[in-house]
Amino acid sequence: NLPAAGIYVAALDARGNQYSYATTDSSGHYTLSGLSPSASYRVDFSPPQGSPLASELYPSGATLQAATAVPVTVGQTTPNINETLSLGASISGVVTDGATGFPIGSVAVTITDGAGQLLYATSGASTEQDGSYDITNLPPGSYKIEFSSEGALAFQYYNDASTLSAATSVNLSAGQSATNINAALTQGGTLKGTLTDASTGQAIPDAYVDVLDAHGNVL
């Protein structure tokens, strides 16, 4: 119950775009200024590197969708947008090539809730060259983990699942460290096709093609 100094506080819109930020002082106080009265904002609290506390969105949410939108009134300050940060949890493991057993660096490790919504403040990390990763400052909750490589290896959910619904949940309590959340990536499949202009039938070069899951997350 002591004041939390040095916490990064940001005002975000519904898509996670940042509009104002501040850092809490020695008394735990902050002020976010310059906000538009025509919008409502989600307030994100992120501890500094090495802090044992969890990142959370007001009031005590893990995702933008779970956060409460705070309206702003012109010429007034909205008070008491307070947060009590719990002890953070962590997830760590190693990603390897399933065929060779070699570790893989630069694999994107993404954390979502059970519905596939990204944890905004600590959505993920990349593996080191030895294949290891360690994601800290996670609020207590139940999460699913996705591993995605830039190369020919297929993305994968923990534990060896190809869909979010089949993924094994990782349940974290305050202060807990979930270790050995590992993945062995296997050869992936390929999608290919041709993009044309509907009015002329001409091919469209240099277009950017994304593959998304059912929640709009880029795979």
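Computed from a prediction, not measured in an experiment: that's the story for all the values here.
- Considering every non-hydrogen atom in both S149 and L185, the closest pair reads CB-CD1, 3.9 Å.
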side-chain hydrogen bond (donor to acceptor under 3.5 Å, both in side chains) for S92 and T179? Distances and angles first, verdict last.
CA-CA 5 Å; S92 62; T179 59; 5.4 Å; no
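- Without hydrogens or angle criteria, D97 side chain to A99 main chain gives a donor-acceptor distance under 3.5 Å.
- Partners of N182 according to the side-chain contact (heavy atoms from CB on, under 4.5 Å) rule, which considers only residues two or more places apart in sequence or in another chain, are V94, N180.
- Residues T24 and A4 share a closest heavy-atom pair of OG1-O, 2.7 Å.
- In this structure, the ring of F147 has its center no less than 6.0 angstrom from the ring center of Y158.
- Judged purely by atom type and a 3.5 angstrom limit, Q18 has no side-chain atom pairing as donor or acceptor with the backbone of A10.
- Taking the six-membered ring where the residue is Trp, the centroids of Y30 and F45 are separated by under 6.0 Å.
- In this structure a side-chain-to-backbone donor-acceptor pair under 3.5 Å is missing from T77 to P79.
- Checked by atom type and distance alone, the side chain of S20 never pairs as donor or acceptor with a backbone atom of A11 at under 3.5 Å.
- Considering all non-hydrogen atoms of both residues, L164 and G114 come closest at CD2-O, 3.8 Å.
- A donor-acceptor pair shorter than 3.5 Å can be found between the side chains of S177 and S90.
- Judged by distance alone, the side chain of D25 and the main-chain N or O of H29 form a donor-acceptor pair under 3.5 Å.
- For the pair S169 (side chain) and N171 (backbone), a donor-acceptor distance under 3.5 Å is absent.
- The two atoms that bring L53 and P47 nearest to each other are O-CG, 3.5 Å, heavy atoms only.
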Side-chain donor-acceptor pairs under 3.5 Å in residues 187-194, sequence neighbours left out?
none

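- Sorted by first and then second residue, the side chain to side chain donor-acceptor pair (under 3.5 Å) pairs involving residues 37-65 (not counting sequence neighbours) are S36-S38, D44-S46, E56-S86, S60-E83, Q65-Q117.
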